[in-house]
Chemist: 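Here it is: the structure, laid out below.
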2 protein chains.
Amino acid sequence: MRRPRETVPVTAERLDRVVLRPIRAHHAFEACVEQLAIAIRLGIYPPGSMLPPERDLAELLAVSRATLREAISALRSAGVVRTRRGRGGGTEVLDAAPATGRRGLGAIIGRVEDLRDALEFRAIVEPGAAGLAAARCARDEFSSDDRAALTAALDAVDRAPDEAIHRRADSILHLTVARLSGSTRLITAVTDAQDDLHTMLQAIPVLPRNIKHSSTQHRAIVAAIFAGNESRANRVMHQHCSDTAALLRGLLG
Amino acid sequence: MRRPRETVPVTAERLDRVVLRPIRAHHAFEACVEQLAIAIRLGIYPPGSMLPPERDLAELLAVSRATLREAISALRSAGVVRTRRGRGGGTEVLDAAPATGRRGLGAIIGRVEDLRDALEFRAIVEPGAAGLAAARCARDEFSSDDRAALTAALDAVDRAPDEAIHRRADSILHLTVARLSGSTRLITAVTDAQDDLHTMLQAIPVLPRNIKHSSTQHRAIVAAIFAGNESRANRVMHQHCSDTAALLRGLLG
DNA sequence: CTCTAAAGGTCTGAAGTTCGACCATTGACC
DNA sequence: GGTCAATGGTCGAACTTCAGACCTTTAGAG
């Protein structure tokens, strides 16, 4: 006789259905393309800059050089990058790189629910990152390079001459805050959130008024971090994310 | 002559080094083992329960049945599960399943820095999840099953007859809160956080006083969610995570 | 008792990924 | 101007994963 089983707890939806996540194996190529595209979109590799050597990049992404080269090749045929051989050569990011996800609401059809989730997630993790960064600053854990990077990222946003550069500078600022939080998990979360945000912002027109408002908040965030004021950094960043979310929710339905 | 390049912004540590993440391809097998082990550890599949049929599980994890079978086979030889064929058969989780990550500080040597990060991350995402769940409840978006699941999860924690079952019930409660937040991103984040927490808790002795304190907080969290009080749910969950973190930080150095 | 459905077990060819060794190109330095 | 080192380009053998068809076992329905 079989002994009675301890059954799985009754839930509206079985937990395994929501907890187990798809494994993305056997398609490292696509994941590579995606990550590089994200890095380029977010301005980590701005137009005109060079990607790291293939051997380094392959190690960073933990894929073989062969797979990485496939990915770069895809970006090349998409017109996003250009490659030159020889010493001093390499892969360069091109200017006109709106190849992936071109402007327009069409790009986000069917993702609205998911994007709503993305905005909520962002409004949780980014304030957390800002708070931790402030706490680290208060504990005097910033190097002079750290301070310089944050200041530079803030300046870059203000000085951005056009919309595309502004968007990239904005992402870089947020990613820098995440990096200064010292948490690898938060860096990952913020990177994902920024990419989702990028998708949404591409679909709507940018209003100068919003940019101005945003700049004020950016300055307040950085000031709070430098002041080592954890709760204020958290609060201001939360407000910043909420404002963006409200704007987007209004426009995306 | 090559035109001047827009260089990558100067930062203390290049952003690509922290933003680009390893691709885990070509090792779906290991990822499978890991996810199943997590699900079992966290009590999603408690001892005595059956895993879903291989065909279903393979689809859930988006791997081929062959790969999934390899993973199950690994768990079987680790003594974690048992498999029987035929109708009504399947793979059953066994009682003595502490095969992965056995108790003791040895299991977390070299991960202390990472675990500190995990605690900070948890103290950000779990309160966020609790807050969203409360907000959803306030908007009356809970089904009766949702309410029942939350109540049942809370009861299970209180009724747990021993430490191992208590640990699993605790995880299930937190995962249920995450599920009720309605955010897939948060479910993922909380799952990861709970697994890290599990690793740490296995390394220290559990004090009855802590369990009692914890139970009080659990009730307060669930009450806040049912009351639809977003900020209180957030605050109480934050306190709960902070308390656990303080306890662990003290014991793990 | 028999049949059937539901589960795990097995097999094979195609396709993707890895790793390492080696080739080709080109700018920088002497 | 020549050398060299850094960089991309190419190839192939070994491994992993996939997809799905098919087999075996077993409990329950009739």
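A, B, ... follow the sequence lines: proteins, then strands. Residue 1 opens every chain.
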Chemist: Name all pairs fulfilling the salt bridge (Lys or Arg N to Asp or Glu O under 4.0 Å) condition that reach into residues 66-75 of chain A, sequence neighbours left out, sorted by first residue then second.
Modeler: A/E54-A/R69
Chemist: Rounded to whole Å, please give me the gap between CD in B/E59 and C1' in D/dC18.
Modeler: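 Nearest whole value for this atom pair: 15 Å.
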Chemist: Ion pair present between A/R122 and A/D192, side-chain N to carboxylate O less than 4.0 angstrom?
Modeler: no
Chemist: Once ring-ring contact (aromatic ring centres under 6.0 Å, His included) is applied, what residue pairs with a partner in residues 156-195 of chain A remain, sequence neighbours excluded?
Modeler: A/H174-A/H218, A/H174-A/H240
Chemist: Could you pull out all residues at least two apart from A/S183 that satisfy side chain to side chain donor-acceptor pair (under 3.5 Å)?
Modeler: B/D117
Chemist: Roughly, in whole Å, what's the span from CD1 in A/I23 to P in D/dT16?
Modeler: 17 Å
Chemist: May I have the distance from B/H27 (atom NE2) to C/dC19 (atom P), rounded to whole angstrom?
Modeler: 7 Å
Chemist: Round to the nearest Å and state the distance from B/E30 atom CD to C/dT17 atom C1'.
Modeler: 14 Å
Chemist: Only counting residues at least two apart or in another chain, list the ones meeting side-chain contact (heavy atoms from CB on, under 4.5 Å) with B/R136.
Modeler: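 With sequence neighbours excluded, B/R136 shows a side-chain contact (heavy atoms from CB on, under 4.5 Å) to B/R139, B/E141, B/F142, given in chain and number order.
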Chemist: Looking at A/T67, I'd like to know whether one of its side-chain N or O atoms comes within less than 4.0 Å of OP1 or OP2 on C/dT18.
Modeler: yes
Chemist: Provide, to the nearest angstrom, the distance between the CD atom belonging to A/E70 and the P atom belonging to D/dG8.
Modeler: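 Rounding to the nearest Å, CD of A/E70 and P of D/dG8 are 16 Å apart.
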Chemist: Quick one: list whatever passes salt bridge (charged side-chain N to carboxylate O under 4.0 Å, His left out) with A/R147, sequence neighbours left out.
Modeler: A/D140
Chemist: Mind calculating the distance between CG (B/L61) and P (D/dA19) to the nearest angstrom?
Modeler: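 After rounding, the reported distance stands at 13 Å.
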Chemist: What one-letter contact string describes nucleotides 4-14 of chain C from 5' to 3', where B marks a base within less than 4.0 Å of any protein heavy atom, S marks contact via sugar-phosphate atoms alone, and - marks no contact?
Modeler: -BBSBBB----
Chemist: Specify the separation, in whole Å, of atom CZ of A/R82 and atom P of D/dG8.
Modeler: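 From A/R82 CZ to D/dG8 P: 14 Å.
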